[in-house]
Amino acid sequence: MSKSLKLYGGVAAGIGLMLVGAYNFADRNVAGYPTNPQVLAELPAPIPEPVAPVQTATAPDAADPAALDGGIVGAAHADNGDSTGLRFGLGREALPEEIAAWNVDISPDGTGLPVGTGNAFDGEPLFEDNCAACHGSFAEGVGNWPKLAGGDGTLADDDPLKTVGSYWPYTSTIWDYVHRSMPFGAAQTLSDDDVYAIVAYILYSNDIIDDEFEVSNETLPTITLPNADGFIVDDRAETEYPIWRTEPCMENCKDSVEITMRATVLDVTPDEEGTEPAVDPAPAADPAEAAAVDPEPEAEPAAEPAAAPAEDALDPELVAAGEKLFGKCKACHQVGDGAKNRVGPQLTGVVGRDIGAVEGFKYSRTMADMGGTWDEEILGAFLADPRGTVKGTKMAFAGLRKDEEVAAMIAYLKSFSE
Amino acid sequence: MSKETNGPSRRKFLTSAAALGAGAVAATGARAAGPDPLITEIQDWASGFGAGVDEVPYGLPIKFEDDVIRRNVEWLTADTISSINFTPIHALDGTITPQGCAFERHHSGAIELAKSEYRLMINGLVDKPLVFSYEDLERFPREQHVYFCECAANTGMEWAGAQLNGAQFTHGMIHNMEYTGVPLRTLLAEAGLDAAGDFKDKWVYVEGADASSNGRSIPMEKAMDDVLVAFKANGEALRKEHGYPVRLVVPGWEGNMWVKWIRRIEVMDGPVESREETSKYTDTLEDGTSRKWTWVMDAKSVVTSPSPQSPITHGHGPLVITGMAWSGHGKITRVDVSKDGGKTWETARLAAPGEDKALTRFYLDTTWNGEDMLLQSRAMDETGYVQPTKAQLRDVRGLNSIYHNNCIQTWHVKANGEAENVEVS
C-alpha cells in the first residue's frame with residue numbers, strides 16, 4: 001500500500017496516512033470535486049477506502065487533516081464500529097414517507113409486517129382471481145409455472161417437489177413476496193389484508209392451517225413451516241475444498257473411458273435453424289444470411305417482425321399507447337405473427353373473432369359457452385372489468401382503469417389482423 | 001435503420017454473385033487447382049464504395065455474424081418475462097463479453113428506467129438515511145474492474161446427465177465485463193455506519209426497482225470489500241437488460257445477487273431470507289437438507305471451440321482448442337486440457353495471466369488428424385482448488401442440486417469434426 005505514497009510525493013507532509021488505499025486511483029486523473037470532503041475518516045481495515053478526491057491539484061484542503069471536520073484519520077484504525085466514513089455531502093436525507101414506501105421487506109421474526117389479518121376462506125376467491133391462472137386453483141401449478149402446494153416429504157427423492165409447503169423455511173417470505181412482487185404483471189396492487197388472506201390460502205392448501213385460522217401480523221411469525229430446519233449454511237469449505245485442493249493427476253489418470261450418456265439422444269437442445277428464415281433451399285447457403293435479426297433476443301426465435309397492417313382508421317399514437325399497455329398482458333398473451341396460446345389465448349385478430357373460439361385453448365366454461373363475437377363494445381367492457389363482464393373467466397387481470405386505456409388497447413389489438 | 005444494415009437478401013446476394021460470374025462456390029474451393037477468382041478477379045468491394053460514415057450511428061455486428069446471438073431454451077421456463085437466455089460463448093474469443101450478446105436473466109422483465117427517474121435509497125442501520133440521484137452517483141470516486149457474472153444455475157441442466165448440446169446452453173449463463181462504478185462501501189460510509197455498530201453480524205439487503213425486486217441479503221464483510229454500484233459496462237451505459245442505469249456488481253458471487261435497477265440498500269442486523277435466497281438459489285443435498293448462502297462461484301472452465309455449435313470444419317492439421325476459465329475465489333492459475341476423457345492431461349496456454357474474479361482465456365495449440373477426441377478442460381485457481389468432475393460433485397451433493405454445477409465438461413469430437421455433449425465414465 002505504501003507504494004502509493006511516492007505518487008503523492010509532492011503533497012504536504014502529513015498526507016501519508018490518508019493515502020492508504022489510494023492506490024486504486026493513483027494512476028487516474030479524477031476530475032476535480034465540486035466540494036471537498038467534509039469528513040474523512042478511516043474505514044475498517046483491511047478494506048482500502050477511496051481517497052480519490054485527495055488529488056494534489058484539486059482538493060488541497062482535503063489533504064490537510066487539520067481542515068477535516070472532526071474526521072479521524074488513522075491508517076491502523078481497525079475498529080468496525082467507528083467508521084464515521086468519508087463524507088462527500090452528496091445525496092439528500094431520505095424522508096420518512098419515502099422510507100415507508102420502499103422499506104417493505106419482512107424478516108423471519110415478522111419485523112416489517114403491517115397490521116392486518118386474513119383467512120383461507122376469504123383467500124380462496126382472491127387466489128382464484130389473482131393467482132390461479134398460473135398457480136392453479138389449488139396452488140398445484142399450471143404448466144411450467146410454480147407449484148405452491150404439495151411435495152411434502154419429497155426433498156430426498158429423485159425428483160423433489162419444492163413448494164411453499166415442502167421447501168420454504170419462513171412464512172415471512174411468503175408475505176413479503178406476494179406483497180412485493182405478485183400478482184405477476186400487477187405487483188403491489190393487493191391490499192395488506194388481501195395479502196394476509198392469500199398467504200392464508202397458500203398455507204391452507206399445504207395443510208398447514210385450517211381455513212378459519214386468522215393469519216395476521218401477530219400470528220404469521222408463529223407458524224412454523226415443515227422445512228424450517230431443512231437448511232444448513234454453505235459448508236463447501238469443509239466438505240469440498242479440502243478434497244479438491246490437491247495437485248491434479250496428469251497421466252494414467254484412469255484405466256478406461258466410456259461414453260455413458262449423450263445429449264443428442266435426449267434431443268432437447270433448441271434448434272438453431274429456427275432462427276433462420278424459411279428461404280428457398282440453395283447450395284452454399286450462408287448461415288449469416290439469416291435475415292431475421294431480431295434485436296429483441298427474448299422474442300420468439302421464429303417470430304417475424306409484426307407487420308403493421310395498413311388500416312387507415314387506426315391512430316398510430318393510440319396503437320403505440322396500446323402497445324405500451326400490452327406490457328400488462330404479455331405475461332399471459334401473445335399477439336402478432338406466430339403468436340401462440342400461453343396462459344391466455346393468442347390475440348392475433350381477436351377484434352371481430354368469435355368469443356371462446358381459439359383452437360387448443362381451454363377456456364373457462366362461461367367463456368366457452370358465451371357465444372357471439374368480440375366486437376369493440378364487448379371487448380371494451382371485458383378489458384375494463386374482466387370478471388364483471390365474464391363471470392368465472394380465468395383471466396386474472398383486474399382490468400384497465402381508464403376509457404382511454406381501453407381504446408388504446410383495442411386499437412393495438414386491431415393492428416394485428418389475421 | 002438503413003437498408004444496408006439489414007443486409008441484402010440472400011437471393012440478392014446470390015444474384016450479384018452470379019452477375020460477377022464468379023459464384024459463391026469458390027469460397028470453399030480455395031485450395032482448388034486453379035487460381036482463386038477472389039484474388040484474380042476484381043471484386044466489387046475493391047472497386048466501388050463501401051458504406052459512408054454515419055451509415056449506422058450505433059454499429060451492430062456485420063450481417064455475416066448475425067447468428068452470434070443470445071438464445072433461449074423455451075422449455076426451461078414458463079415465460080420469457082421470468083426467464084434466462086444464453087451468451088453465445090462458442091462463437092466468442094478473448095475475455096470481454098459484448099453487452100449485446102451477454103446473457104439476460106429477468107424475474108419480471110427488463111424494465112425501462114430513465115436516469116432522471118432513478119433513485120437509490122440507503123436506509124436501515126445508518127446514521128443518516130440517504131437518497132441519491134443518478135447524478136449524485138457520478139460524483140463519487142469511481143473504480144474500474146473486470147469481473148465475470150455467472151448465474152448460479154449455469155450448467156444446472158447437466159446435473160443428471162448430458163442434456164443440452166452446445167457450450168452456449170451448457171455454460172452460457174455467464175458474461176465478463178469491465179465495470180465502472182462506485183464502491184458500495186463509499187456509499188455506506190456516506191450514510192454513516194456508526195449506527196451499524198459491529199459489522200460482524202450485519203447485513204445489507206439490496207433490491208431492484210422492478211416488480212420482482214429480486215431482494216438479496218449480503219453480509220457486511222462482502223459489502224465493504226469489493227462490491228460495486230456500477231453504471232457503465234465495457235465503457236458504455238449498462239444495457240436495459242443488464243440493469244440500466246445502475247446495477248450491483250458482486251464479484252465472484254452468484255449472478256442473482258448482482259441486483260439490477262438497484263433502488264435500495266438497507267443495513268440490517270440479519271438476512272431477510274427473501275424468496276431468492278430461500279426457495280431459490282439454495283442447493284438440496286442427497287438427504288433432502290439444503291445448503292443456503294452458497295454465494296461463491298467455484299473455479300470452472302469449458303472448452304468453447306471445438307464444441308457442438310463450433311465443430312472443426314477445416315480438415316486435418318493445426319487445430320486451436322480454446323476455452324475460458326474463471327473462479328469466484330480469485331485468479332485462475334492454470335488450465336489443463338485432456339483429449340482422451342481425462343486419462344492424460346496437458347497444460348494449456350493462458351492468453352494472459354489470470355485476473356481476480358474475471359474470465360481467463362486459454363489455448364491449446366495442437367494437431368488433429370481426424371482422431372476421436374473426448375475434450376475436457378480443468379481449471380485451477382490461486383487457492384489451489386481444482387475443478388472437480390461431475391462424479392466428484394455427485395459424491396458430495398447427490399443428484400438433486402440445481403445450482404453451482406462447476407463440473408468438468410466433456411465434448412466428444414468425431415472424425416468428421418462434429419462435437420457432441422457427452423458424459424464419460
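Below, chains carry the letters A, B, ... as their sequence lines are ordered, and counting in each starts from 1.
For A:Asp109, no part lies under 4.5 angstrom from a heavy atom of chain B. No part of B:Leu399 comes within reach of chain A, as not one of its non-hydrogen atoms sits under 4.5 angstrom from that chain. Neither the backbone nor the side chain of B:Thr410 comes within less than 4.5 Å of any heavy atom of chain A. If you measure heavy-atom distances from B:Val296 to chain A, the contacts under 4.5 Å come from both the backbone and the side chain. For A:Phe231, the parts lying under 4.5 angstrom from a heavy atom of chain B are both the backbone and the side chain. With a threshold of 4.5 angstrom between heavy atoms, B:Arg119 approaches chain A through its backbone and through its side chain. For A:Thr154, no part lies near chain B; criterion is any non-hydrogen pair under 4.5 Å. Both the backbone and the side chain of B:Val386 come within contact range of chain A, with heavy atoms under 4.5 Å apart. Within the 4.5 angstrom heavy-atom criterion, no atom of B:Asn214 approaches chain A. Contact of B:Leu76 with chain A is made through the backbone alone, with heavy-atom distances under 4.5 Å. In this structure, chain B has heavy atoms under 4.5 Å from both the backbone and the side chain of A:Glu98. Heavy atoms of B:His329 lying under 4.5 Å from chain A belong exclusively to its side chain. Residue B:Arg263 touches chain A through both its backbone and its side chain, counting heavy-atom pairs closer than 4.5 Å. Looking at B:Glu158, there are no atoms closer than 4.5 Å to chain A (heavy atoms on both sides), in backbone or side chain. Heavy atoms of B:Ser83 lying under 4.5 Å from chain A are absent altogether. Only the backbone of B:Asp210 comes within contact range of chain A, with at least one heavy atom under 4.5 Å from a heavy atom of that chain. For chain A, the nearby part of B:Thr77 is the backbone; its heavy atoms alone come within less than 4.5 Å. With a threshold of 4.5 angstrom between heavy atoms, A:Asp255 approaches chain B through N, CA, C or O but not through any side-chain atom. Contact of A:Trp102 with chain B is made through backbone and side chain together, with heavy-atom distances under 4.5 Å. When heavy atoms are compared at a cutoff of 4.5 Å, B:Asn123 approaches chain A solely by way of its side chain, counted from C-beta outward. Proximity to chain B involves both the backbone and the side chain of A:Asp105, based on heavy atoms less than 4.5 angstrom apart.
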**OP:** Apply side chain to side chain contact (heavy atoms under 4.5 Å, CB included) to A:Phe88 and B:Glu190, showing your working.
**Re:** CA-CA 7 Å; A:Phe88 292 89; B:Glu190 185 72 12; 3.4 Å; yes
**OP:** Evaluate side chain to side chain contact (heavy atoms under 4.5 Å, CB included) for B:Arg397 paired with A:Glu240, printing each intermediate quantity in order.
**Re:** CA-CA 10 Å; B:Arg397 305 184 197 169; A:Glu240 298 185 3; 2.7 Å; yes
**OP:** Please step through side chain to side chain contact (heavy atoms under 4.5 Å, CB included) for the pair A:Phe184 and B:Ser82, ending with a clear verdict.
**Re:** CA-CA 10 Å; A:Phe184 197 55; B:Ser82 177; 3.9 Å; yes
**OP:** Please test A:Glu251 against B:Lys343 for side chain to side chain contact (heavy atoms under 4.5 Å, CB included), starting from the C-alpha separation and ending with a verdict.
**Re:** CA-CA 6 Å; A:Glu251 279 179 9; B:Lys343 272 195 231 172; over 6 Å; no
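Salt-bridge formation is not detected for the pair B:Asp136/A:Arg92: no Lys NZ or Arg NE/NH1/NH2 atom is positioned less than 4.0 Å from an Asp or Glu carboxylate oxygen. The pair B:Glu276-A:Arg180 fails the salt-bridge criterion, with no side-chain N (NZ, NE, NH1 or NH2) lying under 4.0 Å from an Asp/Glu carboxylate O.
Between the side chain of B:Glu266 and the backbone N or O of A:Asn103 there is no donor-acceptor pair closer than 3.5 Å. Remark: side-chain polar atoms of A:Lys254 are paired, donor with acceptor, to backbone N or O of B:Ser425 under 3.5 angstrom. At distances below 3.5 Å, not a single donor-acceptor pair connects side-chain atoms of A:Asp176 with backbone N or O atoms of B:Arg275. A:Asp234 contributes no side-chain N or O that, together with a main-chain N or O of B:Arg291, makes up a donor-acceptor pair within less than 3.5 Å. The closest donor-acceptor contact from the side chain of B:Glu420 to the backbone of A:Thr264 lies under 3.5 Å. In terms of modelled atom types and a separation under 3.5 Å, the side chain of A:Glu258 and the main chain of B:Val424 share no donor-acceptor contact.
Considering CG of A:Leu90 and CZ of B:Arg139, their distance stands at 5.0 Å, rounded to 0.5 Å. A:Arg87 CZ to B:Lys128 NZ: the interatomic distance, rounded to the nearest 0.5 Å, is 7.5 Å.
One side chain, A:Tyr167 or B:Thr282, offers a donor N or O that lies under 3.5 Å from an acceptor on the other.
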